[in-house]
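Only one structure is covered here, and it is reproduced in the block below.
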Amino acid sequence: MADDVTFYDDIEAYCSQLSYGAGDTVGLCVSTRAERYDVVVERWGAERVEVWRATDLIGRFHEVPDDADAAGCGWPTEVEVPVESSWRSGFYLVTLTAHDAPEGRDTAHAGFVVRAARPGDRPLLVLATNTWNAYNTWGGCSLYTGGKEVSFRRPFARGMLCRPETERDDRKARPVRWDEVPDPDGTIFQAYRNERGYPPAIGSSGWFIYERRFVEWAEAAGFGFDYAVSSDLESGVLDGYRSMVSIGHDEYWSAPQREALESLVRRGGRYASCSGNTMFWQVRIEGDGVMVCHKYTAHHTDPVMQGGDPTTMTGMWADPVVGRPEAAVLGGGSAWGLYHRFGQATARGIGGFVVYRDDHWLVEGTGLRYGDVLGARDGVVGYETLGCRIQFDEYQLPVRAGGDGTPVDMEVVAFCPSSNLRFGEYPASISALSDQGDLDFIAERLFGRIDDDSIRRIRHGNAVMVTAKPFGPDGGEVTTIGTTDWAFGLATDPAVDRVTRNLLAWVHPDAPAD
């Protein structure tokens, strides 16, 4: 099975850090069965541009520790790559090719970000590397298969950073055309990944599935960014910036990371999130690159519940013990809509947002009117989403209903039905343990019980597009397009393209002209 990807290939590697500045040296930790190998480093923006190469390096094999998933591999640095001052901020792919290895098992990928020397006018695009790590099964467990601590000091599973392009088969919420039958059990995804030796994580996280698509489109369109990774937010990287952008699946946030974002918005900055299931779990970064998250058992198993500050419990941000629902910042949360076209959650849903406020700046220039659907062809709504409690005003337009922590000052631009799932309702493609039923868990944590009433309160949700001022009229603004799969519509849907341009013009002072 492809679920165990540890040393699937004859060469494996990881970088000693996830991000570097100019003048730093990238430490490449390599283990290979081959006698010789080559290394190529490329900046991956609108195109892949080679910046560094080394050939015919001596290969050495290093064992994988039994606790590599939780404590890291501990391999020595085999290659040092100097970060030149001429290297632009961005994501850099490292490709390692083993000599004389079996075809198809001779290549490994690692990656790192080069940060900007200092904040400028560009927005800060933060790659969701916490989520990449949470899903990574290399070396043992992920946070979905029994782990409570996962290390950044290990390779990413094959396919998470780079793989051949395919139209739809690597998607968890695979869109269907008019004459096709929906695939709620994910059988097409399962067949695709198993035939190629990929883990379930490729449909949920990693550079290739979400951020890569967005960056290729945005940089080709003339939008520039400074880049960082999730953990950089703990080190003050956001200081001096006026705006921040998140893409895809930005699920895991530490308290210092969240506080950095909130500080940006409080001082008048702007945050654009095109991400689903965003900020659902609180994590702690401890020791040498270890991320801790007890998730569903946190209220029982996290040590801080007995001997520390319970508000740092690594469970839901919306959990009453923590008391900081993500909806308070984002205008939406996963408790109020988590899945669309995923398993039995709206399995035959439209896959797009129904527009209600057609006079809003987000949909300006799209030609969309009240009741039109945005992004359905490419299934931009799915597989994971963010929602809020909604009611309708005297003009039959959606407004916040309250009771979910959402800001008072917010507008619901568009939404789509979304749902939570119980045991037995997930597709076969899920990479989690069978005892993780989000609907029951959320109902019990928010309402203190699992009964028909609490289940019904969580069952019927939505995916939203909202704008909000979470810290009042004197603070900044947040725009949330609450879906993981938004980036899939950029290359083919003119309306999705235009909405994204409107959004980037909102955060980007030097946006290109139409």
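If you read the sequence from its start, that first residue is 1, and numbering goes on from there. Predicted model only: the values in this text are computed from it and were never measured. Note that these values count all heavy atoms, side chains included, but never hydrogens, waters or copies made by symmetry.
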Apply side-chain contact (heavy atoms from CB on, under 4.5 Å) to residues Cys416 and Ile350 and explain how you reach the verdict.
CA-CA 8 Å; Cys416 172; Ile350 59 175; 3.9 Å; yes
Between Thr366 and Ala495 (side chain of the first, backbone of the second, donor and acceptor by atom type, cut-off under 3.5 Å), is there such a pair?
no
Going by the rule salt bridge (charged side-chain N to carboxylate O under 4.0 Å, His left out), which residues pair with Glu165 if we only count those two or more places apart in sequence or in a different chain?
Arg212, Arg213
To the nearest 0.5 Å, tell me how far Arg459 CZ sits from Asp452 CG.
10.5 Å
Any donor-acceptor N/O pair, Asn462 side chain to Cys388 backbone, under 3.5 Å
yes
Which heavy atom of Leu362 sits nearest a heavy atom of Asn502, and at what distance?
O-ND2, 2.9 Å
From His299 NE2 over to His294 NE2, what is the distance, rounded to the nearest 0.5 angstrom?
12.5 Å
Do the side chain of His109 and the main chain of Gly159 share a donor and acceptor less than 3.5 angstrom apart?
no
With a 6.0 Å cut-off on ring centres, are Tyr252 and Trp132 close enough?
no
Answer yes or no: is there a side-chain heavy-atom contact under 4.5 Å between Ser273 and Thr479?
no
So, are Asp169 and Arg196 salt-bridged, with charged N and O less than 4.0 Å apart?
no
Report the C-alpha separation of Ser243 and Trp506 in whole Å, then their side-chain angles, then the decisive distance to 0.1 Å, and conclude whether the side-chain hydrogen bond (donor to acceptor under 3.5 Å, both in side chains) test is met.
CA-CA 9 Å; Ser243 59; Trp506 178 76; over 6 Å; no
So, taking the atom named CH2 in Trp44 and the one named CH2 in Trp207, what distance separates them when rounded to the nearest 0.5 Å?
7.5 Å
Asp232 side chain to Val229 backbone, donor-acceptor under 3.5 Å
yes
Smallest heavy-atom separation, Thr311 atom then Gln282 atom, equals O-NE2, 3.0 Å
Does any pair with a residue in residues 313-333 pass ring pair (Phe, Tyr, Trp, His ring centres under 6.0 Å), and if so which ones, sequence neighbours excluded?
none
Arg400 to Val412 - nearest heavy-atom pair and separation:
N-CG2, 4.4 Å
Side chains of Ser89 and Asp226: do they bring a donor and an acceptor to under 3.5 Å?
no
Return yes if a side-chain donor-acceptor contact under 3.5 Å exists between Tyr339 and Asn277, otherwise no.
no
Is the number of heavy atoms from other residues, nucleotides or ligands under 6.0 Å of Arg456 CZ greater than 12?
no
Taking C-beta and beyond as the side chain, do Tyr370 and Leu397 meet within less than 4.5 Å on heavy atoms?
yes
Hey, which of Glu477, His360, Arg357 is the one that makes side-chain hydrogen bond (donor to acceptor under 3.5 Å, both in side chains) with Thr467?
His360
Would you say that Tyr144 contacts Thr137 through its side chain, given a criterion of any heavy-atom pair below 4.5 Å between the two side chains?
no
Pair Ser246, Ser275: side-chain N/O donor-acceptor within cut-off below 3.5 Å:
no
Counting heavy atoms not belonging to Arg369, are there more than 12 under 6.0 Å from its CZ?
no
Spacing of Trp217 atom CH2 and Phe223 atom CZ [to the nearest 0.5 Å]
5.0 Å
Could you check whether Arg242 pairs with Asp121 (Lys NZ or Arg NE/NH1/NH2 to Asp/Glu carboxylate O, under 4.0 Å)?
yes
Indicate the atoms forming the closest heavy-atom contact of Trp336 with Leu446, along with that distance.
CZ2-CD1, 4.1 Å
Report yes or no: do Asn130 and Trp281 form a side-chain donor-acceptor pair below 3.5 Å?
no
To the nearest 0.5 Å, tell me how far Arg422 CZ sits from Phe441 CZ.
14.5 Å
Arg177 backbone acceptor or donor facing Glu180 side chain under 3.5 Å:
yes
Is it true that a side-chain atom of Ser418 and a backbone atom of Ala463 form a donor plus acceptor pair closer than 3.5 Å?
no
Is the closest side-chain heavy-atom distance between Arg193 and Pro200 below 4.5 Å?
yes
With no hydrogens and no angle check, do the side chains of Ser231 and Glu234 hold a donor and an acceptor under 3.5 Å apart?
no
Heavy-atom closest pair, residues His249 and Ser204
ND1-O, 2.8 Å
Do Asp485 and His340 have side chains that get closer than 4.5 Å, going by heavy atoms?
no
Evaluate the side-chain proximity of Ser254 to Val283: yes if any heavy-atom separation is below 4.5 Å, no if none is.
yes
Near-ring test Phe415/Tyr356, centroid separation under 6.0 angstrom:
yes
Validation row: Met291, Phe152 side chains within 4.5 angstrom (heavy atoms)
yes
Give the C-alpha distance, both sets of side-chain angles, the deciding distance and a yes or no for side-chain contact (heavy atoms from CB on, under 4.5 Å) between Leu238 and Leu233.
CA-CA 6 Å; Leu238 199 51; Leu233 293 176; 4.1 Å; yes
Any side-chain donor paired with an acceptor under 3.5 Å for Ser454 and Arg449?
no
Sequence neighbours left out, what passes side-chain hydrogen bond (donor to acceptor under 3.5 Å, both in side chains) with Asp372? Give chain and number order.
none
Flag, side chain of Arg348 to backbone of Pro182, donor-acceptor distance under 3.5 Å
no
Take a 6.0 Å sphere around CD of Glu47 and say whether it holds more than 12 heavy atoms from other residues, nucleotides or ligands.
no
Just how far is it from atom CD of Glu216 to atom CZ of Arg48, taken to the nearest 0.5 Å?
9.0 Å
Donor-acceptor check, side chain of Thr131 to backbone of Glu251, threshold 3.5 angstrom: yes or no?
yes
For a quick test of reading the model, state the closest non-hydrogen atom pair linking Val496 to Val380 and the distance between them.
CG2-CG1, 4.1 Å
Check the pair Glu262, Phe471 against side-chain contact (heavy atoms from CB on, under 4.5 Å), reporting the backbone distance first and the verdict last.
CA-CA 9 Å; Glu262 291 186 2; Phe471 303 113; 3.8 Å; yes
Keeping Thr346 on the side-chain end and Arg341 on the backbone end, is there a donor-acceptor pair under 3.5 Å?
yes
Report yes if some heavy atom in the side chain of Val499 is under 4.5 Å from a heavy atom in the side chain of Met465; otherwise report no.
yes
May I ask you to check whether Tyr198 and Phe208 place their ring centers less than 6.0 Å from one another?
no
When you measure from the side chain of Arg284 to the backbone N and O of Thr312, does any donor-acceptor pair fall under 3.5 Å?
yes
Could you tell me if Asp404 and Thr406 have a donor-acceptor pair between their side chains, going purely by distance under 3.5 Å?
yes
Given the rule in the side-chain contact (heavy atoms from CB on, under 4.5 Å) test, do Ile455 and Leu439 qualify, once you have shown the distances and angles that lead to the verdict?
CA-CA 7 Å; Ile455 291 296; Leu439 198 157; 2.9 Å; yes
